[in-house]
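Since this is a predicted model, take the numbers as computed values, not measurements.
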Amino acid sequence: MTDTDRNEAERAVRAALADIPGEIDTVQVTLTLLADSSLPRPALAQAVVAVDGHRLRAQAAAPALPEAIDLLRNRLSLRASYLRAS
């Protein structure tokens, strides 16, 4: 895992939460890259966000971290849209 991966994950989460109503209390992002080459999707990106007492959670697995981070952004953005709609 590189600083580029970490920076891209931060940008992805910020983008997904850009228009979220309310105050964001905490954000936890976990990036994991398993060393098992037999796995089809060894890269995992996870995010847990606390917003005004609500928890948003998203995760994505992919062959590489950049793809997992991109999928995470899409999934977190979708969950944030549910919060915006309520």
Q: Do you know the tightest heavy-atom contact between Asp25 and Gly53?
A: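 Closest approach of Asp25 to Gly53: OD2-N, 3.9 Å.
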Q: What closest approach, in Å, do Pro42 and Leu39 show between heavy atoms, and which atom pair accounts for it?
A: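 Residues Pro42 and Leu39, closest heavy atoms: CD-O, 3.6 Å.
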Q: Is the side chain of Arg79 donor-acceptor paired with the backbone N or O of Arg57 at a distance under 3.5 Å, no angle test?
A: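 Yes, the answer is positive, given that a donor and an acceptor are paired below the 3.5 Å cut-off.
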Q: Closest heavy-atom contact between Ala68 and Ala60?
A: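 For Ala68 versus Ala60, the nearest heavy atoms are O-CB, 3.6 Å.
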Q: What's the separation between atom CZ in Arg6 and atom CE in Met1, rounded to the nearest 0.5 Å?
A: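 The CE atom of Met1 is 6.0 Å from CZ of Arg6, to the nearest 0.5 Å.
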Q: How long is the span from the CG atom in Leu17 to the CG atom in Leu76, to the nearest 0.5 Å?
A: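 Here the interatomic distance stands at 4.5 Å.
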Q: Of all the heavy-atom pairs spanning Ile20 and Ala80, show the shortest one and how long it is.
A: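 Looks like CD1-CB, 4.0 Å.
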Q: Has Ser77 got a side-chain atom pairing as donor or acceptor with Asn74's backbone, closer than 3.5 angstrom?
A: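 No, the answer is negative, given that no donor and acceptor are paired below the 3.5 Å cut-off.
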Q: Determine, using the 4.5 Å side-chain heavy-atom cutoff (strictly less than), whether Ile69 and Leu33 are members of one ILVMFWY cluster.
A: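 Yes.
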Q: Would you say Leu44 and Leu72 are hydrophobically clustered, going by side-chain heavy atoms of ILVMFWY under 4.5 Å?
A: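 Not linked; separate clusters.
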Q: Ignoring hydrogens, what is the shortest heavy-atom contact between Val51 and Pro21? Give both atom names and the distance.
A: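 Closest approach of Val51 to Pro21, heavy atoms only: CG1-O, 3.5 Å.
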Q: Considering all heavy atoms of both residues, which atom of Arg73 and which atom of Ala15 are nearest to each other, and what is their separation?
A: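 Heavy atoms only, the tightest pair is CD-CB, 4.4 Å.
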Q: Do Val27 and Leu83 sit in the same hydrophobic cluster, where Ile, Leu, Val, Met, Phe, Trp and Tyr count as joined when their side-chain heavy atoms come under 4.5 Å apart?
A: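 Yes, same cluster.
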Q: Dump the intermediate steps for side chain to side chain contact (heavy atoms under 4.5 Å, CB included) on Gln28 and Thr30, then the final yes or no.
A: CA-CA 7 Å; Gln28 180 182 2; Thr30 305; 4.2 Å; yes
Q: Does Leu56 belong to the same Ile/Leu/Val/Met/Phe/Trp/Tyr cluster as Val13, with side-chain heavy atoms less than 4.5 Å apart forming each link?
A: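 Yes; tracing contacts between hydrophobic side chains, which count when under 4.5 Å, links both residues.
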Q: Would you say Thr32 and Leu34 make side-chain contact, with heavy atoms under 4.5 Å?
A: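 The answer is yes, as the side chains (C-beta and beyond) meet within the 4.5 Å cut-off.
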Q: Examine the side chains of Asp5 and Thr2 and answer whether a donor and an acceptor come within less than 3.5 Å of each other.
A: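 Yes.
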Q: Do other residues, nucleotides or ligands put more than 12 heavy atoms under 6.0 Å from Arg11 CZ?
A: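 Atom CZ in Arg11 is crowded, with more than 12 foreign heavy atoms closer than 6.0 Å.
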